[in-house]
Amino acid sequence: MPEHKSLHLTAFMRPVSLHTGAWRYPGAYPDANFNLEHLKSFIRKLEDAKFDAFFMADHLAVLNMPVDALRRSHTVTSFEPFTLLSALSVVTEKIGLAATASTTYDEPYHVARRFASLDHLSNGRAAWNIVTTGNPESSKNFGRDEHREHGERYKRAREFYKVVTGLWDSFADDAFIRDQQSGLYFDPDKLHVLDHQGDELRVRGPLNIARPVQGWPVIIQAGQSEPGRQLAAETAEAVFCSPRDLKAGQALYADIKGRAKAAGRDPQHVKILPAAFVVIGDTVEDAQAKRLRVDSMVHYDSTVASLSVALGTDVSGFDPDGPLPTDLPETNASKTSREAVVQLAREEGLTVRQLAQRYGGYSGLAFVGTPETIADEWETWLATEAADGFTITFPFLPQGLDDVTQRLVPELQRRGIFRRDYEGTTLREHLGLPRPENRFFV
């Protein structure tokens, strides 16, 4: 493997663990998802370990699951991302601050303004995770009876991205003179009025905030459907994805990088960062026992509900000991999630009950072992072009996070595949990304 090639690591922190049973694990903080002091401790540990970014997803509604399952979910209450990241920006100096913002249920001027503010407050550490919002229940919180169709959501997302980035370019980098002698605060010739008139959006501009420190905050994209991959290839600088295994990771990596090249972009400026559930033990058997224990913390009510969410349809009426029906009703939720469930059931011949148990806790890509065995696997992913790094999701906190930062990271550093210190101060510098030129002021 080339000596210069190293991993990028981000931490998935909203909810603080994607595992349904995480909050019940012995020694875990049950309120970790909604306790500022805990969250400040977590981000400081991640910054000490030189992580690229602290990544917050977002939900615009409580998860669409029966109340018997919802009452057991630690996702039902959590902080709004911008509010929390603004608070965390003042207790950190270098770690990136990534937040999700919806292109379906928000307005581009709001999104551009929030991210520009966060980028200035953090001295260049903001990142925007572009999502189209998969949860149909979200529509009811924004005055709509029906969720927008999948294709329509991605059409709006493309235009939304164009408008937001155009608003970030409202001012030239040197527009603000602030000459006290002449009384001239900024140069009007270095202000651009966007005046966007599109199929979906009408935004005059300009943005009432100076151009972000990074030019544009880093762009993250999280979809794996056909339109999601294409949007990532055209716009994303980091891709949050969920391949099932090494082979699937290699295929996804090649596909998105190939699309980026075809779109006229440098594939090296698109970082593929799969979600990785990491459980560390003194031995592989010890790690496997921890995984089994956290899985056992998931109540059956939650397993059925989680499977329903993944499929986008209620499975409570299915025969639990029979196969997954082949004639599932159509869904307007996440296509990627649904296809992954159907494929898993078909490949492994799982019953509905077995499938529900798998999805009740955490069903995605997992690395369960010692620091050495996990580092071995990650070296393979890096060397065979399956990933540029990982977005780590922890099995429980604080111990799961401590295991990664205090045991796995030193092993990666010893092998020379992860930094020992930050070389810059902005998230773009951490990820090796160029600062975009202003499209209106070259």
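It should be emphasised that the depicted structure is a prediction, and the values quoted were computed from it without experimental measurement.
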Worksheet item: For L433, which of H269, Q214, Q268 qualifies under side chain to side chain contact (heavy atoms under 4.5 Å, CB included)?
Response: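 Testing L433 for a side chain to side chain contact (heavy atoms under 4.5 Å, CB included) against H269, Q214, Q268 leaves exactly one candidate, H269.
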Can you name the closest pair of heavy atoms from [X] and [Y] and give their distance?
X: L365; Y: D245; value: CD1-CA, 4.3 Å
X: G21; Y: M297; value: O-CB, 3.6 Å
X: P108; Y: V163; value: CB-CG1, 3.7 Å

So [Y] and [X], do their side chains get closer than 4.5 Å, heavy atoms only?
X: W381; Y: P274; result: yes
X: L408; Y: L412; result: yes
X: V111; Y: F160; result: yes
X: R44; Y: K40; result: yes
X: L7; Y: D388; result: no
X: D48; Y: L46; result: no
X: K271; Y: E237; result: no

Worksheet item: Is it the case that more than 12 heavy atoms not belonging to K162 sit under 6.0 Å from its NZ atom?
Response: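 Atom NZ in K162 is not packed in, count stays at 12 or less.
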Worksheet entry | K45 atom NZ: more than 12 heavy-atom contacts under 6.0 Å |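 More than 12 heavy atoms, drawn from other residues, nucleotides or ligands, come within 6.0 Å of this atom.
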Euclidean distance, [Y] [atom2] relative to [X] [atom1], rounded to 0.5 Å:
X: Q250; Y: D255; atom1: CD; atom2: CG; result: 13.5 Å
X: I43; Y: L97; atom1: CD1; atom2: CG; result: 5.5 Å
X: R291; Y: Y362; atom1: CZ; atom2: OH; result: 8.5 Å
X: S296; Y: Y25; atom1: OG; atom2: OH; result: 8.5 Å
X: L431; Y: L273; atom1: CG; atom2: CG; result: 7.0 Å
X: S78; Y: M56; atom1: OG; atom2: CE; result: 6.5 Å

Worksheet item: Do H430 and Y422 have ring centres separated by under 6.0 Å?
Response: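 Distance test on ring centres: under 6.0 Å, yes.
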Item to complete: Step through it carefully: locate the ring centre of F394, locate the ring centre of F277, and say whether they are under 6.0 Å apart.
Response: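 When the ring centroids of F394 and F277 are compared, they turn out to be at least 6.0 Å apart.
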One thing to verify: whether [Y] and [X] come together as a salt bridge, which I'm taking to mean a side-chain N less than 4.0 angstrom from a carboxylate O.
X: D173; Y: R435; answer: yes
X: E411; Y: R414; answer: yes
X: D119; Y: R114; answer: no
X: D376; Y: R415; answer: yes
X: E80; Y: R14; answer: no
X: K290; Y: D403; answer: yes

Please work out which of the three classes, parallel, tilted or perpendicular, describes the rings of [Y] and [X], given edges at 30° and 60°.
X: F441; Y: H192; answer: perpendicular
X: F390; Y: W378; answer: parallel
X: W216; Y: W168; answer: tilted

Going by distance alone, is a donor N or O of one side chain under 3.5 Å from an acceptor N or O of the other, for [X] and [Y]?
X: T391; Y: T10; value: yes
X: R407; Y: T370; value: no
X: Q221; Y: T235; value: no
X: Q413; Y: R419; value: no
X: T380; Y: E377; value: no

Discussion item. Going by side chain to side chain donor-acceptor pair (under 3.5 Å), D52 matches just one of K94, R125, H8. Which one?
Written reply: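 With D52 as partner, K94, R125, H8 yield a single side chain to side chain donor-acceptor pair (under 3.5 Å), made by H8.
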Worksheet entry | Residue among R346, E339, E347 satisfying side chain to side chain donor-acceptor pair (under 3.5 Å) with Q343 |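 Going through the options one by one, the only one that passes is E347.
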Practice prompt. Walk me through it: do F82 and F115 pass the test ring-ring contact (aromatic ring centres under 6.0 Å, His included)?
Written response: CA-CA 8 Å; F82 281 94; F115 278 102; 4.6 Å; yes
Worksheet item: Please walk me through it: do R158 and E234 pass salt bridge (charged side-chain N to carboxylate O under 4.0 Å, His left out)?
Response: CA-CA 9 Å; R158 277 191 173 80; E234 295 171 7; 3.0 Å; yes
Fill in: Any donor-acceptor pair under 3.5 Å from T426 side chain to E429 backbone
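Here the side-chain-to-backbone pair exists.
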Discussion item. The test is side chain to side chain donor-acceptor pair (under 3.5 Å); show your working for Q230 and R259 and say whether it passes.
Written reply: CA-CA 7 Å; Q230 190 58 36; R259 291 176 190 238; 3.0 Å; yes
